[in-house]
Amino acid sequence: MIPATALISTPLGVLTVLVVIVALADALGRTGLFRKLGAAMIVIVLGALLANLRVIPPAASGGPVYDPVFTYVIPAAIFLVLLDVNLGALKRAGAPMIGAFFLGALGTFLGVWIANAVTPIAGMIGAAHAPLAGMFTGTYTGGGANFNAVALAYDITRDGGLYTAATVVDNVMTDVWIIVTLALPALLLKSGWFGRPGRPAAQVADQHPRDDYTRPPLTGTLAIAVPLALTALAVWLSGLLSAWLGARGITVPSILIVTTLALIVAQVPAVARLAQANTLGLWGIYLFLAVVGANADLAALVAAGSLTPVLFAYVGIVFAVHATVLFGIGGLLKLEPVVLAVASSANIGGSATAFVLAEAEGRQDLVLPAILIGSIGNAVGTYAGFAMVALLAATG
């Protein structure tokens, strides 16, 4: 039986457990059989396991440790990793990634429509089935912000049971899909049906402006202090600028500003000396994934009763159709498996998970495209959700 309260619930205690999870996953991911799983997959599983055993609280309800990870740590990690981006690689990776993203969005739309038709969801929740379909269309086009936008517009947030069950199923299935997309590139490459992988970013012909900068990297405390100082400044300024623009009716997500600042700073030749920036960013990614794992609260699903298995079947159908369209057509077009996997991750989980996958695959040339298509998803996902609601309302 799952305990009602967590064994470790103080902010410092929870943070300690998360940091230990990251260290353990990183160590395990370098040894024996676990090397095939990789640290990213291991850290998600450990986070989910400890949250559901109530060693630490589930992350779905937020808190003084979990909320800052989403608000500050993942933007900081994105900034740090982008300091090593080769802009020349974007010319090769950008167009295929965008095309794959829209293939995945099409698969999501078709999948939700089919799931709504073949499951008994309409009979169980009545008129709320159309807004629910819009919520899943939005979130699996470009991430969770779209899920909540549609839910708020149709007052689904006032239906505590339905909203809670849908949220937790979304969290659990998104975690599962992140693990699937981490494993897919290597599996699909063996089939011979897909395009061969591109060269690592370090080998591309397009040279970064700072490649000729030969001074040695920073060492000692400066190697950590300088990139962290730049990161803190960028995240702080992005929040201020986003709020300032918002007050004037211009909506620009702070993550886009962080990305822009990182790309500007990355073109300064001296930034090549910040050799520890990527390592620090990777640590932030793993901490984020530990919290993603802790989002999967199985006890909340039990409380939802008979609606839970129907929602799981519903989302399972959505994912199956999404994958069939994306990987089927992507294979015909000979797109790389990792490009398709990153695009799928952007559809299902948003820019943060897509960025994580590109980084975990060691594909620096895909990091920036991953963030960009995640931003596209944030922009179009809510519209796709409202379009689904309108379609279902029009067709009965």
Subject >> Verdict with supporting geometry, F288 and F70, ring pair (Phe, Tyr, Trp, His ring centres under 6.0 Å) >> reply: CA-CA 7 Å; F288 164 74; F70 289 105; 5.7 Å; yes
Subject >> CA sep, side-chain torsions, deciding dist, call: T141, V380, side-chain contact (heavy atoms from CB on, under 4.5 Å) >> reply: CA-CA 8 Å; T141 295; V380 304; 4.0 Å; yes
Original post:
Should the heavy atoms of other residues, nucleotides or ligands under 6.0 Å from CZ of F312 be counted, would the total exceed 12?
Top reply: yes
**OP:** Over all heavy atoms of both residues, which pair between T353 and G350 is shortest? Give the atoms and the distance, please.
**Re:** OG1-O, 3.1 Å
**OP:** Please report the C-alpha distance between E361 and L366 in whole Å, then the side-chain angles of each, then the deciding distance to 0.1 Å, and finally whether the side-chain contact (heavy atoms from CB on, under 4.5 Å) criterion is met.
**Re:** CA-CA 9 Å; E361 289 288 329; L366 300 181; over 6 Å; no
**OP:** Evaluate the side-chain proximity of L53 to L7: yes if any heavy-atom separation is below 4.5 Å, no if none is.
**Re:** no
**OP:** Please report the closest heavy-atom contact between A354 and V342, naming both atoms and the distance.
**Re:** CB-O, 3.7 Å
**OP:** Starting at OH of Y140, measure out to CE of M135 and round the result to the nearest 0.5 Å.
**Re:** 10.0 Å
Original post:
Are L333 and V325 connected in a single hydrophobic cluster, I mean Ile/Leu/Val/Met/Phe/Trp/Tyr linked by side-chain heavy atoms less than 4.5 Å apart?
Top reply: yes
Original post:
Is the closest side-chain heavy-atom distance between V43 and D26 below 4.5 Å?
Top reply: no
**OP:** Enter the distance from H322:NE2 to L106:CG here, rounded to the nearest 0.5 Å.
**Re:** 10.5 Å
**OP:** Decide yes or no for V150 and T139: does some side-chain heavy atom of the first lie under 4.5 Å from some side-chain heavy atom of the second?
**Re:** no
Subject >> CG on L241 to CD1 on I257, rounded to 0.5 Å >> reply: 4.0 Å
Original post:
Is there a side-chain contact between P369 and F101 (heavy atoms, below 4.5 Å)?
Top reply: no
Subject >> Worked check of side-chain contact (heavy atoms from CB on, under 4.5 Å) between V45 and I179 >> reply: CA-CA 9 Å; V45 172; I179 293 173; 4.1 Å; yes
Subject >> Sole candidate of L18, L282, I74 that passes side-chain contact (heavy atoms from CB on, under 4.5 Å) when paired with L287 >> reply: L18
**OP:** Would you kindly confirm whether W113 and L326 end up in one hydrophobic cluster when ILVMFWY residues are joined by side chain heavy atoms under 4.5 Å apart?
**Re:** yes
**OP:** Answer with yes or no whether the hydrophobic clustering places I285 together with V20; edges join I, L, V, M, F, W, Y residues whose side-chain heavy atoms lie under 4.5 Å apart.
**Re:** no
Subject >> Hphob cluster co-occupancy, I42 + L49, side-chain heavy atoms under 4.5 angstrom >> reply: yes
**OP:** Taking all non-hydrogen atoms of both residues into account, name the closest pair between A133 and L392 and its distance.
**Re:** CB-CD1, 3.4 Å
Original post:
With distance as the sole test, does T324 use its side chain to make a donor-acceptor pair with the main-chain N or O of A320 at under 3.5 Å?
Top reply: yes
**OP:** Please state whether the rings of F319 and W177 are parallel, tilted or perpendicular, taking 30° and 60° as the class boundaries.
**Re:** tilted
Original post:
Looking at CE of M388 and CG of L110, how far apart are the two atoms once the value is rounded to the nearest 0.5 Å?
Top reply: 8.0 Å
Subject >> Side-chain touch V14/Y66, heavy atoms, less than 4.5 angstrom >> reply: yes
Original post:
Between T174 and D170, do the side chains contain an N or O donor and an N or O acceptor separated by less than 3.5 Å?
Top reply: yes
**OP:** Could you tell me which non-hydrogen atom of A290 sits nearest to which non-hydrogen atom of I21, and how far apart they are?
**Re:** CB-CG2, 4.2 Å
Original post:
Is the closest side-chain heavy-atom distance between I317 and I114 below 4.5 Å?
Top reply: yes
**OP:** Check step by step if side-chain contact (heavy atoms from CB on, under 4.5 Å) holds for I125 and L307.
**Re:** CA-CA 9 Å; I125 63 175; L307 182 60; 4.1 Å; yes
Original post:
What distance separates L233 CG from L261 CG, expressed to the nearest 0.5 Å?
Top reply: 8.5 Å
**OP:** Flag the pair V112 / Y314 as yes when at least one side-chain heavy-atom distance between them is below 4.5 Å, and no otherwise.
**Re:** yes
**OP:** Decide yes or no for L274 and L80: does some side-chain heavy atom of the first lie under 4.5 Å from some side-chain heavy atom of the second?
**Re:** no
**OP:** Considering non-hydrogen atoms only, spot the tightest contact between P227 and L280 and give its length.
**Re:** CG-CD1, 4.0 Å
Subject >> L132 CG to M124 CE distance, which is reported to the nearest 0.5 Å >> reply: 11.0 Å
Original post:
Looking at V258 and S238, what are the two nearest heavy atoms and their distance?
Top reply: CG2-OG, 3.1 Å
Original post:
Do I98 and Y383 share a hydrophobic cluster (ILVMFWY, side-chain heavy atoms under 4.5 Å, transitive)?
Top reply: no
